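Note sheet for the following structure.
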There are 2 protein chains.
Amino acid sequence: MKNIVVLGAGRSSSALIEYLLKQSTEYNWKVIVADFSLEAAQSKIKNHTNGKAIKLNIEDYAERNNLILQADAVVSLLPPHLHILAAKECLSCNKSLFTASYVSQDISEMDEEARQKGLLFMNECGLDPGIDHMSAVEIIHRIKNMGGEVLSFKSYTGGLIAPESSDNPWRYKFTWNPRNVILAGQSTAQYLENGKVHYTPYRRLFRNTDLVEIDGHGNFDGYANRDSLNYIEHYDLKNVQTLIRGTLRNAGFCTAWDVFVTIGLTDDSFIINECDKYTYASLVRSFLPATDAGIDIIQSVAKLCRIEQEGEVMNMIKWTGILDEVSIPLKKASPAGILQELLERKWSLKTTDKDMVVMNHEFIYRNEGKTKKINSSMVVIGKNSDDTAMAQTVGSPLGIVVKLHLTGKLTLTGVRIPVEPEIYNAVLPELKNLGISFNETEEEIDQLN
Amino acid sequence: MKNIVVLGAGRSSSALIEYLLKQSTEYNWKVIVADFSLEAAQSKIKNHTNGKAIKLNIEDYAERNNLILQADAVVSLLPPHLHILAAKECLSCNKSLFTASYVSQDISEMDEEARQKGLLFMNECGLDPGIDHMSAVEIIHRIKNMGGEVLSFKSYTGGLIAPESSDNPWRYKFTWNPRNVILAGQSTAQYLENGKVHYTPYRRLFRNTDLVEIDGHGNFDGYANRDSLNYIEHYDLKNVQTLIRGTLRNAGFCTAWDVFVTIGLTDDSFIINECDKYTYASLVRSFLPATDAGIDIIQSVAKLCRIEQEGEVMNMIKWTGILDEVSIPLKKASPAGILQELLERKWSLKTTDKDMVVMNHEFIYRNEGKTKKINSSMVVIGKNSDDTAMAQTVGSPLGIVVKLHLTGKLTLTGVRIPVEPEIYNAVLPELKNLGISFNETEEEIDQLN
């Protein structure tokens, strides 16, 4: 019997643990789920014969060491800053490690020692980062193998709400860490367009969106993530002219979100004391020009943000309650914290709500004198507010890679991200069996447009 | 003979050290100037009989302890993050300490121990903070003492260039830390206006300026500093309706500076590798909308920033060279670092240039049924690029307070800022003798406007 140790039983762990338990009888696995909260761990195991829930304080050396020593594979779903504790322990106990998080500098420095010991530290193995890497690189390698050259690559991913559960004007609800959604984009976005590096500051990010059309699913807005330039190297796209990775929202979301940004409501850099003395409307007024004190708040917001007083964008803003004379139910918070608390109530999933994960890659490449465009898109709909598309798409690739490792199918060692054929050739077909698949179209086009 | 230890012999130390040496014979002082660079310390002492220059690594305990033990008063002009080393040593060696920097949390926590030991830790004793505190509180106390109540207080300070040395369209040169000028205002400004708290995000700060007229010196633009709300308590202005502290620039500066902010050139959050492959123009283009690639850079900047293509603001931008096809002479830098290096060459003082420090307070108060306005302004012109108004106004109040301390004129103990009558009643008249004085006017007005 092999032991899989899963560190962390939070929101993102359900689908992974379910996947591992489902296969545990066939492969003779024991799945040990460790969390600071024993209840959280137990709720994921659901009394499965091959499951075991334990309480763990990852910061306690003896507890950590004792647990990891028993493992044949370790999966860390801890908050990113705690991965390093798991990684160091895995290195000293000679265990392979699997995460869905970005490789930190600390962990990347373990590459040589991991290789020497024959260990695999596989990171960025969830949805984004994760499925995006595998699905993009599979196509990039295919283009290269037939002698083609990628000229342009644009890739967007979004955690959204399924149309049938969309009952608010934003067509959005939180399916992931709300704080990350509120603070998204606060660093200058860096990307490549038509051979030139472009920088888009936060204050222009949500006005500078890309229209993304997905067959049968309508139009979306994409805004650029912070770090697209790194992927020239990660994806080995030396001569690429355009490279943008970003986040998808339903059409209209970004224009309305930009109102919050322009007012200043996404600012997390200072704390307002005695917030409960404010109403949402008076908080917004405190950000509006003092010279507008005599005019209606809607008129003032419309003027500042250059939107119509009676239009759809203003309706979206009004719908959130941020312009209401309702007391803020917090004592101390940043503007971003106040906005988050409000939106968490407005954008929460109902039990029966279905979420939707959308990923879209667009490649333009030249081969044998022809310019072609490939569109590859994935749409996954969740089952309900527990069994979300987000949890499935984050947990499944991680579960599959752990299985490949434990069944001896992987030869890779060192600190890795899933961009090798050995990984994506095994993972993508199995994801397809789980209903996580891409729809690919290809057409010849006149020129790079 | 009493020993004054001055820690740090940087730009801000000249006038202070000169002041102390000038008085050293009369008061029988020895002025020990300690710096990491012995040459820097020597250049300030200029072989004065009562001066001594020494090399000091403040981070070395033995050196620090040995020096401070000899002192009768310690002045720290170290970079702010190093004050704490001096302060801890002063506390353990029972020495009083004087700085021109804001009180940090660490230092404010030393208040009780300093009081118990009968030590004075006097901070914020330069220009701004420093002279602004003393000159404002003197008037506030005067109004209160006659039974009046302050309704509005606006205070602006600027380190500028004298009109006779103003030879560029910005009417500005660096007379202080250039990095602080480039990054100024990047936190949300908080202030009180007509009884309401207002927050102005960075992206609107330089468009949201106050017109400040100073008799005989023309018009200036004032933009709000980060932290005006704290001064309700510091200045004991419980019922004040308007309280703004800010920075002065010559009229027009802020509108033009906002162009840099809007483009994104003051961003210090990421590093551009291989900057030397860019020209200034191509750097600016990388921040402009990609859709503008085909149009002239001036047209694109004008459109983005909503300024005229042929107007004065565009002339100011062009004058800096930021739109020129000239290679950037740096390897790696943030956009803010690139802008700083360029402007340091454009905005450097010539040897004969005279700088100008301007401070303006406006008070509106009610007393005996009448509403009155007091304007109090200070304008100090420097002698040349070494003996600047900035160095004089930062160093003189500090020197005077050290003298008051060593001659037994101060009874205050603990961690303080100069808002007590004991301080300002002694310092302001002596500043006046040094040519640093305020011009005050008062008029009755109809209402708070």
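The sequence lines fix the lettering, A, B, ..., with proteins before strands; numbering per chain opens at 1. Bear in mind that the values here come from a model prediction, so they are computed numbers and not experimental data.
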Closer than 3.5 angstrom, by distance alone: can the side chain of [X] be matched with the main-chain N or O of [Y] as a donor-acceptor pair?
X	Y	result
B/Asn177	B/Arg179	yes
A/Thr262	A/Val259	no
A/Ser300	A/Ile297	no

>> Tell me which of these, A/Gln190, A/Arg204, A/Lys196, has more heavy-atom pairs under 4.5 Å with chain B than the rest.
In response: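 Looking at each option in turn, the highest pair count goes to A/Arg204.
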> Can you tell me how far OG of B/Ser327 sits from CD of B/Glu325, rounded to the nearest 0.5 angstrom?
Replying inline: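 If I round to the nearest 0.5 Å, the distance is 9.0 Å.
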>> Tell me whether the rings of B/Trp257 and B/Phe260 are parallel (<30°), tilted (30 to 60°) or perpendicular (>60°).
In response: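 Because their plane-to-plane angle is over 60°, the rings of B/Trp257 and B/Phe260 count as perpendicular.
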>> Parallel, tilted or perpendicular, judged at 30° and 60°: which one describes the rings of B/Tyr231 and B/Tyr235?
In response: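 Taking B/Tyr235 first and then B/Tyr231, their aromatic rings stand perpendicular (interplane angle over 60°).
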>> Taking side chain as everything from C-beta outward and backbone as N, CA, C, O, which of these in B/Arg226 sits under 4.5 Å from a heavy atom of chain A? Side chain, backbone, both or neither.
In response: side chain
>> Can you tell me which portion of B/Asp267 sits under 4.5 Å from chain A's heavy atoms? Options are side chain, backbone, both or neither.
In response: side chain
> Looking at B/Leu288, B/Thr200, B/Ile263, which one has more heavy-atom pairs under 4.5 Å with chain A than the rest?
Replying inline: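 The residue among B/Leu288, B/Thr200, B/Ile263 with the greatest pair count is B/Ile263.
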>> Out of B/Ala290, B/Pro335, B/Ser269, B/Ser187, return the one with the most heavy atom pairs under 4.5 angstrom to chain A.
In response: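 Ranked by contacts with chain A, first place is B/Ala290.
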>> Heavy-atom cut-off 4.5 Å, strictly under: side chain, backbone, both or neither for A/Val261 against chain B?
In response: both
> Which region of A/Phe270, side chain (C-beta onward) or backbone (N, CA, C, O), has a non-hydrogen atom less than 4.5 Å from a non-hydrogen atom of chain B, or is it both or neither?
Replying inline: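 Side chain only.
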